[in-house]
**Q** 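A single structure is presented below for examination.
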Amino acid sequence: MTKTAITPTRAENYPEWYQQVISAADLAENSAVRGCMVIKPWGYAIWELIQADLDKRFKKTGHVNAYFPLLIPLSHLEKEAEHVEGFAKECAVVTHHRLVPDGKGGLKPDGELEEPFVIRPTSETIIGESFSKWVKSYRDLPLLINQWANVMRWEMRTRMFLRTSEFLWQEGHTVHATDTEAVAETIQMLGVYADFVQDVLAMPVIKGEKPCFERFPGAVNTYCIEAMMQDCKALQAGTSHFLGQNFAKASNIQFQNKSGEMETAWTTSWGVSTRMIGGLIMTHSDDNGLVLPPRIAPYQIVIQPIYRNDEQRDTVINYCNSLKQDLESQLFAGNEIRVHIDDRDIQGGAKSWEWIKKGVPLRLEVGMRDVENNAVMLSRRDDVGNKNSIAKSDLINGAVKILTKMQTSLFAKAESFRNERMTAISSIDEFNKFFAGDKNVDRGFAVAYAVDEVGIEEFIKPLKVTARCIPLANNDVAGACIFTGKPASHKMVFAKAY
RNA sequence: CGGGGCGUAGCGCAGUCUGGUUAGCGCACUUGUUUUGGGAACAAGGGGUCGUGAGUUCGAAUCCCACCGCCCCGACCA
């Protein structure tokens, strides 16, 4: 294939390629509102699949859904000092509650509020208000709540899915009687995220703890899952926070223990957002557009009927309908295979490319010849340009196997891509060389001994590198911090990041 | 908020420097015919407050002034 469906290619201009993939797959578009995007049906369908799968996992771990207000009284946000400091710079503020004619044919805000509201950048404080009323006794604990919501953070520079002013997410908020229980919850949910992202989105992630200077404002510990994109930059795909008693104190979440004494509770919060879709795009897609792992594809199989007249149409469509039914009766990853027949009256080539760019795993072309032979023409998204005739029965019996294989091979490919770009660094010189120099060379993740101290920031900031995390796995090692020379009890991962 | 760029059909642009018929091109769209197994061809159509406002002029997309919006680069971030 000489011509690619997406221009520029990844190698030519990665950020522009990313935009073009989104546009070509019809996932989303910019809106009239600065920094906010419109998520179009194909993009939203991916989000719905993410929601459905995660929601099941949350329920399985004992959580229930609820909904809290969009508007947070300013005084609530002020209660936790670090929290305010962290979010103050990016809050949208509601100051009026009505509009009146401005005398020039337009409208102007009127009715100034006594106390302004902040549009939630996250909901710890407003949920804390409710939790303080809900929690009275040790019998009310643990309290395990999740909310699916939109939030707003006034960002300076936005990028579709990766960073928009308004975004969709889920935020879990839990209350526990002891710190150990709350820490266990924090780690458990990090595991839920990691399993989901790896199994469903086929994105390999590193589970880790954020260094102290990267913590969520107000948290005691912040944990994360970090993924590597195809341009070798890191993307945080989810976070889980142990909030200690900071928010419980601020919101007065107390309970009476078994001996009748009042105790302050321990809380956690954890979230993933539509940003994951950005990560999904940048992990698997190629120069022909979006590539979707089968488990997250809104349609896993698209059937394209081919015919020349009404008589042929009847025959072909009947064949397609029964094929669709047979495929849908197969279970892939616990769900019916999602099959779509595209009978739109548009040119075959254009139609094929549309589904390629949308990332559909399998495409089937069905014409008279196939009907006669009891076969179909099969094309795979991971092998654009080739198609093979396959017996109808073989396809029906083999579809689950093919989808499973595509799912695991996408993960394997992304995993080896990442592993090849993780480099052990043993001195500050090496560190500087790794990240400095030619901007166009992708450098990946640097792994080095480093102490978890604010002081090391001054070594990494000038290079526009961030400390991504202290990996949780296989990290009970000791060595000298490459920046300070102090003894470090763990290694840290560094990278340029989104 | 600093530095640069751009606003002309749904999208991408030309035209602006040097003012002058009815504002044009490609893609997309509509209709028709022929096509159709890997991005079809021909023909005929529809679609414009030239970002907004004020000015110069016989005449403004074009020149002047003000304003608005967007994009890129820097300081902040899931």
Side-chain angles (χ1 to χ4, degrees), chain A residues 1-7 13 15-16 19-20 23-24 26 29-35 85-91 104 106 120-122 150-159 161-171 193 210 213-217 219 222 224-227 234-241 269-279 288-289 304-309 312-313 316 345-357 363-373 375-379 383-389 461 464 466 468 497-498:
Chain A
M1 159 156 305
T2 51
K3 191 184 158 195
T4 58
I6 303 293
T7 44
N13 184 345
E16 180 60 23
Q19 297 287 108
Q20 292 303 325
S23 152
D26 215 21
E29 63 189 22
N30 279 313
S31 74
V33 185
R34 185 197 147 78
E85 207 186 310
F87 285 106
K89 282 168 290 186
E90 50 190 45
C91 286
K104 289 178 270 180
R120 62 181 165 222
T122 177
N150 56 341
V151 288
M152 173 156 269
R153 299 179 188 177
W154 209 268
E155 297 291 349
M156 305 249 184
R157 287 191 63 196
T158 58
R159 237 198 263 247
F161 290 111
L162 298 173
R163 174 163 293 109
T164 48
S165 289
E166 182 189 8
F167 59 91
L168 304 181
W169 78 346
Q170 124 322 282
E171 46 181 327
Y193 287 155
K210 284 287 179 194
F213 48 88
E214 296 283 351
R215 258 179 222 141
F216 176 76
T222 287
C224 61
I225 47 175
E226 293 287 332
L235 182 84
Q236 180 177 314
T239 49
S240 184
H241 315 290
S269 69
W270 27 274
V272 296
S273 71
T274 37
R275 173 180 247 206
M276 281 198 305
I277 297 174
N288 287 313
Q304 297 174 226
I306 293 160
Y307 49 81
R308 294 176 192 222
N309 52 49
Q312 289 190 356
R313 181 176 186 275
V316 170
D345 180 21
I346 57 175
Q347 206 52 38
K351 193 186 278 188
S352 299
W353 280 105
E354 191 177 312
W355 292 114
I356 291 168
K357 288 184 282 190
R363 285 184 310 104
L364 307 178
E365 292 175 20
V366 175
M368 288 303 287
R369 247 181 280 160
D370 307 296
V371 175
E372 280 154 24
N373 299 333
V376 300
M377 276 297 199
L378 169 69
S379 307
D383 188 19
V384 170
N386 283 323
K387 58 180 171 183
N388 297 296
S389 184
K461 262 200 169 168
K464 300 197 174 168
T466 53
R468 303 313 300 164
Y498 279 99

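Both backbone and side-chain heavy atoms feed into the values below; hydrogens, waters and symmetry mates do not.
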**Q** Could you tell me if the ring centre of F216(A) sits under 6.0 Å from that of F87(A)?
**A** yes
**Q** Just call it for M276(A): base, sugar-phosphate, or nothing, with non-hydrogen atoms closer than 4.0 Å on any strand.
**A** nothing
**Q** What interatomic distance, in whole Å, is found between P of A28(B) and the corresponding atom of C71(B)?
**A** 27 Å
**Q** How would you label the contact of L235(A) with the nucleic acid (heavy atoms, under 4.0 Å): base, sugar-phosphate, or nothing?
**A** nothing
**Q** Pick base, sugar-phosphate or nothing for S389(A), based on heavy-atom distances below 4.0 Å to the nucleic acid.
**A** nothing
**Q** With no hydrogens and no angle check, do the side chains of Q304(A) and S352(A) hold a donor and an acceptor under 3.5 Å apart?
**A** yes
**Q** Round to a whole Å and report the spacing from NZ of K89(A) to P of A78(B).
**A** 11 Å
**Q** Using whole Å, what does the distance between atom P of nucleotide G12(B) and atom CD of E16(A) come to?
**A** 11 Å
**Q** From the options C76(B), U36(B), A78(B), select the nucleotide whose nearest atom is closest to the side chain of Q236(A).
**A** A78(B)
**Q** Can you find a donor-acceptor N/O pair under 3.5 angstrom joining the side chain of K387(A) to the base of G38(B)?
**A** yes
**Q** With both distances under 3.5 angstrom, what nucleotide forms a Watson-Crick or G-U wobble pair with G45(B)?
**A** C29(B)
**Q** Considering only atom C1', compute the distance from A60(B) to G74(B) and round it to an integer number of Å.
**A** 38 Å
**Q** Assess, by modelled atom type and distance only, whether the side chains of R120(A) and T122(A) contain a donor and an acceptor separated by less than 3.5 Å.
**A** no
**Q** Applying a 4.0 Å non-hydrogen cut-off, can you work out what K464(A) is touching in the nucleic acid: base, sugar-phosphate, or nothing?
**A** sugar-phosphate
**Q** Partners of E155(A) by side-chain contact (heavy atoms from CB on, under 4.5 Å), sequence neighbours excluded?
**A** E90(A), R153(A), T158(A), R163(A), S165(A)
**Q** So G367(A), base contact, sugar-phosphate only, or nothing? Heavy-atom distance under 4.0 Å.
**A** base
**Q** In whole Å, what separates the P atom of U16(B) from that of G7(B)?
**A** 12 Å
**Q** Can you tell me the Watson-Crick or wobble partner of C58(B), both distances under 3.5 angstrom?
**A** G20(B)
**Q** As a test of reading the structure: which of G74(B), A78(B), G38(B) is closest to the side chain of F167(A), going by heavy atoms?
**A** A78(B)
**Q** Looking for any heavy atom pair under 4.0 Å, which part of the strands does T122(A) touch: base, sugar-phosphate only, or nothing?
**A** nothing
**Q** I need the CZ-P distance between R159(A) and A78(B), as an integer number of Å.
**A** 15 Å
**Q** Only pairs with both distances under 3.5 Å count, Watson-Crick or wobble alike; so what is the partner of G7(B) in this structure?
**A** C68(B)
**Q** Please give, in whole Å, the distance from G38(B) C1' to I356(A) CD1?
**A** 8 Å
**Q** Could you state the atom-to-atom distance from CD of E90(A) to C1' of A75(B) in whole Å?
**A** 14 Å
**Q** Expressed as a whole number of Å, how far does the P atom of U57(B) sit from that of C64(B)?
**A** 16 Å
**Q** Just the rounded figure in Å: distance from C1' of A40(B) to CG of D345(A).
**A** 13 Å
**Q** On RNA chain B, check which nucleotide each of R308(A) and G349(A) is closest to and give me the residue with the more 5' one.
**A** R308(A)
**Q** Roughly how far apart, to the nearest Å, are A9(B) and A14(B) at atom P?
**A** 12 Å
**Q** Which nucleotide, if any, forms a Watson-Crick or G-U wobble pair with C1(B), using both distances under 3.5 Å?
**A** G74(B)
**Q** So what's C50(B) paired with, Watson-Crick or G-U wobble, going by both distances under 3.5 Å?
**A** none
**Q** Taking the C1' atom in each of G15(B) and G19(B), what is the distance between them to the nearest angstrom?
**A** 13 Å
**Q** side-chain hydrogen bond (donor to acceptor under 3.5 Å, both in side chains) with T222(A): which of Q236(A), H241(A), E214(A)?
**A** H241(A)
**Q** Using every non-hydrogen atom in the two residues, find where T466(A) and A497(A) come nearest and quote the distance to one decimal.
**A** OG1-CB, 3.6 Å
**Q** In this structure, how many angstroms lie between the C1' atom of C76(B) and the CH2 atom of W154(A), rounded?
**A** 15 Å
**Q** Taking the nucleotide of RNA chain B with the nearest heavy atom to each, does N30(A) or L378(A) sit closer to the 5' end?
**A** L378(A)
**Q** With the side chain of E365(A) defined as its heavy atoms from C-beta on, choose the nearest nucleotide among G38(B), C76(B), G39(B).
**A** G38(B)
**Q** Please determine, for the side chain of R275(A), which listed nucleotide (G39(B), G37(B), A78(B)) has the closest atom?
**A** A78(B)
**Q** Where is the tightest heavy-atom contact between T239(A) and Y193(A), given as atom of each residue plus distance?
**A** O-CE1, 3.5 Å
**Q** Between the side chains of E226(A) and K210(A), is the shortest nitrogen-to-carboxylate-oxygen separation below 4.0 Å, so that they form an ion pair?
**A** yes
**Q** Could you tell me how far C76(B) sits from C67(B) if I compare only their C1' atoms? Round to whole Å.
**A** 29 Å
**Q** Output the rounded distance in Å from CG (D383(A)) to C1' (G38(B)).
**A** 13 Å
**Q** Answer with base, sugar-phosphate or nothing: what part of the nucleic acid does S273(A) contact at a heavy-atom distance below 4.0 Å?
**A** base
**Q** Considering only heavy atoms and no angle criterion, is a donor-acceptor pair shorter than 3.5 Å present between the side chain of R157(A) and the base of G74(B)?
**A** no
**Q** Would you state whether a donor and an acceptor, one from the side chain of S352(A) and one from the base of G39(B), lie under 3.5 Å apart?
**A** no
**Q** Identify the nucleotide, in any strand shown, that forms a Watson-Crick or G-U wobble pair with A40(B), with both distances under 3.5 Å; if there is none, say none.
**A** U34(B)
**Q** Can you tell me how far C1' in G39(B) sits from the matching atom in U22(B), rounded to whole Å?
**A** 36 Å
